[in-house]
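Notes for the one structure printed next.
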Amino acid sequence: MLTPLGFSLLRQLADGELHSGEDLAAIVGLTRARVSQVLKDAEAAGLALERIKGRGYRLLEAPNFLDAKAIRVRLDELVRAHGATTVPVSVEVTDQVDSTSSELMRRSQRRDVHGVALAAEWQTAGRGRRGRAWTAVAGGSLTFSLGWRFEQGAGFLAGLSLAVGVAVARALEAEGLTGIALKWPNDLVHRHLKLGGILIELNGDALGPSSTVIGVGLNVRLPAGARKDIPVPVTDLATVAGKKAAPIERNRLLARLLAELASVLDQYAKDGFAPFAVEWQHRHAYQGKTVKLLLPDGATVTGKVAGVDASGALVLADGPRRARFLSGEISLRRA
Ligand code: BTN
């Protein structure tokens with residue numbers, strides 16, 4: 001596991017130059033043996049490091065670290081390009097946290113987290129839907145959460161995770177990544193392999209207002225070792241982009257995601273999910289396909305995907321009959 005110390009060392013090595021163990025030890029105030037151990041842990045977390053006996057260490061592929069300032073600069077560029085005045089989002093980056101969503105949920109008990117975006121290089125307890133863990137690798141994933149306040153209550157927010165999927169797909173497309181699709185309720189997929197996920201949590205009264213924390217996890221460049229720990233077939237953005245493409249720049253991508261999210265959330269607050277339903281269906285990997293739903297009580301339902309309704313419920317057709325399903329606890333499988 002990468003510790004904050006690991007990150008300080010990696011930041012020293014981020015220039016891609018050779019650094020002696022002695023110099024590194026002096027900079028971070030550790031012994032050389034401890035530096036060696038911390039860097040071994042970094043390798044285990046998926047970073048490609050070269051050790052040259054008697055000379056030191058060099059990062060073979062310098063991770064482009066998340067950088068709040070770089071994200072802000074890019075966000076402002078995007079805003080200027082679209083003629084808007086500003087994106088009402090403040091960006092924070094941390095090396096390590098248990099989960100960006102858990103952290104914003106904790107903060108939301110004490111203060112308003114509307115417009116606060118928190119991205120982490122490393123989550124020690126990343127959470128997925130249905131109580132699952134979310135696996136990410138330092139430097140090879142993009143994990144962030146965004147706080148957003150809505151005047152309405154939970155019923156109005158039923159389609160929010162689908163609208164967020166639209167925002168993420170738009171952002172990836174705007175960054176030149178093609179063939180990205182959505183899988184109900186809120187997975188991002190490419191050729192039916194999971195590329196990312198969305199986790200929405202909320203606090204508030206049934207009638208509103210609601211304070212939501214929108215968590216997004218994307219696989220940017222997953223080493224083979226990390227894929228083994230993930231229980232579903234996965235892919236990453238580097239694969240989607242193709243071998244000839246330039247490496248994915250995570251700061252640039254995060255700025256694009258925040259810009260698209262702010263615009264989608266703003267519209268959602270006014271009009272709900274309805275304006276996104278047609279686009280969502282168009283992006284659905286299973287539109288018109290026969291699927292099997294696994295319900296929370298263990299039952300399964302099979303039918304043909306007719307689409308989603310204005311509240312974000314999945315509509316399955318079984319002959320002339322239509323059935324609606326609306327729950328974050330349902331899983332969809334290809335039948
Ligand atoms: C899923 O597909 O199960 C949803 C995954 C959501 C993962 C993101 S990563 C950032 C944020 N922090 C978390 O702990 N989870 C979400």
Side-chain angles (χ1 to χ4, degrees), residues 1-2 45-46 66 68 71 89 91-108 113 116-148 160-169 171-172 180-190 192-203 211-222 226-227 229-237 250 253-254 257-258 261 265 283-286 294 296 312 314 327-333:
M1 195 185 84
L2 264 175
L66 290 172
I71 298 164
V89 169
V91 184
E92 278 179 48
V93 165
T94 181
D95 279 346
Q96 183 179 321
V97 69
D98 55 348
S99 144
T100 53
S101 286
S102 305
E103 172 59 20
L104 287 191
M105 286 299 279
R106 282 190 296 268
R107 286 191 203 173
S108 74
V113 292
V116 176
L118 175 65
E121 290 286 6
W122 181 250
Q123 297 187 122
T124 55
R127 295 183 290 110
R129 280 177 60 229
R130 307 166 82 223
R132 294 204 197 101
W134 180 256
T135 306
V137 287
S141 303
L142 189 54
T143 52
F144 71 97
S145 300
L146 172 64
W148 210 263
L160 181 63
S161 68
L162 280 77
V164 168
V166 168
V168 175
L172 295 174
I180 312 276
L182 299 167
K183 176 180 170 221
W184 189 86
N186 47 19
D187 280 355
L188 283 125
V189 295
H190 182 254
H192 299 293
L193 300 171
K194 186 155 171 168
L195 193 60
I198 294 159
L199 179 73
I200 309 261
E201 292 167 301
L202 58 105
N203 275 321
S211 158
T212 64
V213 171
I214 298 159
V216 178
L218 287 171
N219 305 327
V220 178
R221 197 177 57 87
L222 283 186
R227 293 175 194 229
D229 299 335
I230 306 177
V232 294
V234 288
T235 187
D236 57 18
L237 293 175
R250 291 180 306 147
L253 177 59
L254 183 50
L257 285 158
L258 293 173
L261 277 166
L265 297 174
R283 294 181 181 277
H284 192 202
Y286 294 87
L294 313 180
L314 184 75
S327 160
E329 297 303 308
I330 299 176
S331 266
L332 179 150
R333 301 270 185 281

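Each ligand, and each atom within it, is numbered from 1 in the order the structure gives. Bear in mind that the values here come from a model prediction, so they are computed numbers and not experimental data. Note that these values count all heavy atoms, side chains included, but never hydrogens, waters or copies made by symmetry.
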Heavy-atom distances under 4.0 Å decide this one: backbone, side chain, both or neither, for S145 against ligand 1?
side chain

Can you tell me if Q123 contacts ligand 1 (heavy atom of the residue under 4.0 Å from the ligand)?
yes

Pair L182-V189, side-chain contact (heavy atoms from CB on, under 4.5 Å): steps then yes or no
CA-CA 6 Å; L182 299 167; V189 295; over 6 Å; no

Taking D236 first and then R227, would you say they form a salt bridge - that is, a charged N and a carboxylate O separated by under 4.0 Å?
yes

Which atom of S101 lies closest to which atom of S145, heavy atoms considered
OG-OG, 2.8 Å

In ligand 1, which numbered atoms sit nearer than 4.0 Å to a non-hydrogen atom of G128?
1 (C), 3 (O), 4 (C), 5 (C)

With a 3.5 Å distance limit and no angle check, can you tell me whether K183 reaches the backbone of H192 through a side-chain donor-acceptor pair?
no

I198 neighbourhood, listing ligand 1 atoms whose heavy-atom distance to it stays under 4.0 Å:
4 (C)

Does an N or O anywhere in W134 fall below 3.5 Å from an N or O of ligand 1?
no

Pull out every atom of ligand 1 sitting under 4.0 Å from any heavy atom of S99, numbered as shown with elements.
12 (N), 13 (C), 14 (O)

Sidechain-backbone polar pair: T94 side chain, V97 backbone, donor-acceptor under 3.5 Å
no

Would L265 and V164 count as a side-chain contact (heavy atoms from CB on, under 4.5 Å) here? Give the steps.
CA-CA 8 Å; L265 297 174; V164 168; 4.3 Å; yes

If the contact criterion is a heavy-atom separation under 4.0 Å, does K194 count as touching ligand 1?
yes

Which of the numbered atoms in ligand 1 are under 4.0 angstrom from any heavy atom belonging to T143?
9 (S), 10 (C)

Answer yes if the side chains of S211 and N203 hold a donor-acceptor pair under 3.5 Å, and no otherwise.
no

Check ion pair D187-K194 (N to O, under 4.0 angstrom):
yes

I'd like to check which ligand 1 atoms, numbered from 1 as shown, lie under 4.0 Å from a non-hydrogen atom of T100.
10 (C), 11 (C), 12 (N)

Give me the nearest non-hydrogen protein atom to atom 3 (O) of ligand 1 as residue plus atom name, then the distance to 0.1 Å.
R129 N, 2.6 Å

With heavy-atom distances below 4.0 Å as the criterion, list the atoms of ligand 1 near G126.
14 (O)

So which heavy atom in the protein is nearest atom 6 (C) of ligand 1, and how far is it from that ligand atom?
R127 O, 3.7 Å

Donor-acceptor pair, E121 side chain versus L66 backbone, under 3.5 Å?
yes

Which of the numbered atoms in ligand 1 are below 4.0 angstrom from a heavy atom of D187?
2 (O)

